[in-house]
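Have a look at the structure below, then the notes.
Letters A, B, ... mirror the listed sequences (proteins, then strands); counts begin at 1.
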Amino acid sequence: MALRFYNTLTQKVEPFAPLHDNVVKMYTCGPTVYNYVHIGNLRTFTFQDILRRWLQARGYRMDHVMNITDIEDKIIRHSLAAKQTIYEYTKQYTQAFIEDTATLRLQPPERLVKATDCIDDMVSAIQKLEERGYTYNSDGSVYYRIAKFPEYGKLSHHDFSGSLAGARVDVDEYDKADARDFVLWKAKKEGEPSWDTPIGDGRPGWHIECSVMAMKYLGETLDIHTGGIDLAFPHHENEIAQSEAITGKPFARFWMHAEHLSIDAQKMSKSMGNFFTLRDLLGQGYAPETIRYLLASVPYRKKLNFTFEGLSAAATSIDRLRNYQLRLKTGHFADGVNAAIEERTKTAVNVFDEAMDDDLNTAEALAAAFEFVRDTNTAMDKGEFKAGNVASALAFLKRFDSVFDVLEPTPPKGGLSDQEIDALVGERNAAKKARDFARADKLRQDLAAQGVIIEDTKEGVRWKRQ
RNA sequence: GGCGCGGUAGCCAAGUGGUAAGGCAGAGGUCUGCAAAACCUCCAUCACCGGUUCAACUCCGGUCCGCGCCUCCA
């Protein structure tokens with residue numbers, strides 16, 4: 001079956017192909033840069049990375065835009081508290097975001113765009129909405145009038161046909177005509193950053209930036225719009241209301257939402273304080289690949305309950321795959337090709353591909369990989385695996401890792417070079433040959449202390465970094 | 001209350017109308033100078049109650065439980 005994704009809009013799994021040529025126009029709601037991102041945020045960004053990588057594996061090119069929200073209430077509050085300009089304040093967390101995502105091996109989007117670089121575009125978008133009668137003014141702010149957009153709720157499947165929804169919303173607090181209405185442009189407040197524009201002195205609301213940045217760079221209809229499940233309402237609903245009111249065209253064809261990561265079965269969030277940042281976990285000694293594996297191994301539409309037990313399981317799983325890769329690369333196999341193994345390799349690749357095609361079923365894709373590993377390890381033990389089988393097995397691992405990207409260890413800072421390790425391993429081999437096991441074990445222990453593991457196998461001596 | 005997701009072995013988790021993938025952990029073996037690595041064996045009847053069916057974990061109805069959104073939030 002062909003590539004297919006679950007679409008929040010239709011609540012169905014649908015075949016996917018981009019609208020234009022071979023390029024996927026994708027927009028992702030990026031971070032609000034007032035703090036370090038936590039692993040819940042990174043779960044969603046990891047999903048987007050897996051999505052990107054699989055689309056590319058399937059032969060598509062990406063045109064992916066991610067926004068950086070660098071003007072917003074919390075940013076203003078925090079920067080004032082830190083006695084920094086918002087520019088200084090957001091710059092450090094934007095940089096941290098770029099670093100953290102790189103550490104997790106997330107491919108950068110083709111364009112990473114700051115909201116404050118698109119103020120003019122937002123202003124003209126709001127003017128278009130004004131011209132079309134979708135807005136009203138109140139105390140210098142501009143609001144979107146939801147009553148003008150009958151399709152409101154079509155993404156999150158809320159039914160607003162009855163009385164006003166949202167019993168807990170205090171309408172009076174906002175000077176809004178309808179509890180659902182949201183602000184497009186906020187009137188200037190003393191001491192806060194603002195832009196003097198034709199629609200008033202003020203700053204943009206949150207929702208407008210995504211509509212504007214998406215359409216500015218990707219056109220009026222996106223192939224895919226992604227974000228965390230919590231953004232479906234109201235943020236994405238509002239994006240649809242804004243964008244489609246301006247263009248009259250569908251804003252996004254596929255809406256894909258990542259489920260939340262929880263901790264102790266509770267939602268992890270900045271406001272509740274029960275969160276880990278990537279930096280926290282790295283500080284505790286976990287490798288980036290381990291965290292990446294854990295985040296990627298649970299299919300994106302399934303809640304992921306974060307535990308340290310899960311993290312160590314992830315680390316062990318990666319080891320297993322790396323050991324296998326090492327065996328392929330360093331082992332000595334008899335000449336020839338085992339046709340049956342070639343056939344099974346082909347099958348494994350097909351199962352892997354089919355799992356990924358099926359709405360990114362990473363759990364099943366991993367199962368395909370592990371099943372293949374066990375099968376061919378057994379064949380190696382029996383001597384049935386031939387030198388001519390190595391290439392296609394490595395090719396499968398390469399395909400696997402083009403998506404999961406966990407096989408290459410993050411290089412340690414400092415430490416021994418490969419050459420130095422080879423020399424020490426050579427010394428140990430000599431000692432072993434001379435049956436000087438005390439010296440051989442000493443050398444092995446010394447290397448172990450530096451994070452290098454030596455293994456004596458049927459197929460020869462090999463080493464790896466921990 | 002409305003909308004949505006889920007309840008499969010100790011933990012994570014796939015899956016399908018025909019008698020339950022995979023990973024981790026655990027037990028026992030094989031191999032081995034030792035240590036690893038690897039392999040083999042063992043370890044669940046799928047929340048509960050009805051119904052449909054030759055056959056349901058998988059379909060239908062109901063019940064219970066957990067979580068999320070409905071307000072800023074990945």
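B:rG28 and B:rC46: their P atoms are spaced 30 Å apart (whole Å). Comparing B:rU53 with B:rC59, their C1' atoms are spaced 10 Å from each other, to the whole Å. With C1' as the reference atom, B:rC70 and B:rG61 are 28 Å apart, rounded to whole Å.
The distance from atom NE2 of A:His236 to atom P of B:rC72 is 14 Å, rounded to the nearest whole Å.
Base pairing analysis places B:rG6 opposite B:rC65; the two distances defining the Watson-Crick or G-U wobble pair are each below 3.5 Å. Look at B:rU41: its Watson-Crick or wobble partner, with both distances under 3.5 angstrom, is B:rA27. Base pairing analysis places B:rU19 opposite nothing; no Watson-Crick or G-U wobble pair with both distances below 3.5 Å involves it.
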Could you list the protein-to-nucleotides 18-22 of chain B atom pairs, N/O on both sides, closer than 3.5 Å?
residue	atom	partner	partner atom	Å
B:rA21	O2'	A:Glu371	OE1	3.2
B:rG22	OP1	A:Arg374	NH2	3.4

What are the atom names and distances for every N/O pair under 3.5 Å that joins the protein to nucleotides 26-35 of chain B?
residue	atom	partner	partner atom	Å
B:rG33	O6	A:Arg428	NH2	3.3
B:rG33	N1	A:Asp441	OD1	3.1
B:rG33	N2	A:Asp441	OD2	2.7
B:rC34	O2	A:Arg444	NH2	2.4
B:rC34	N3	A:Arg444	NH1	3.1
B:rC34	N4	A:Asp456	OD2	2.7
B:rA35	N6	A:Asp456	O	3.1
B:rA35	N1	A:Asp456	N	3.1
B:rA35	N3	A:Arg444	NH1	3.1

Legend entry - Sugar-phosphate or base contact per nucleotide [nucleotides 3-11 of chain B; S, B, -; heavy atom under 4.0 Å]: SBBSS---S

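By the 6.0 Å and 45° rule, A:Arg301 stacks over the aromatic ring of A:Tyr6.
Judged by closest nucleotide on RNA chain B, A:Leu294 is the one of A:Val373 and A:Leu294 placed further toward the 5' end.
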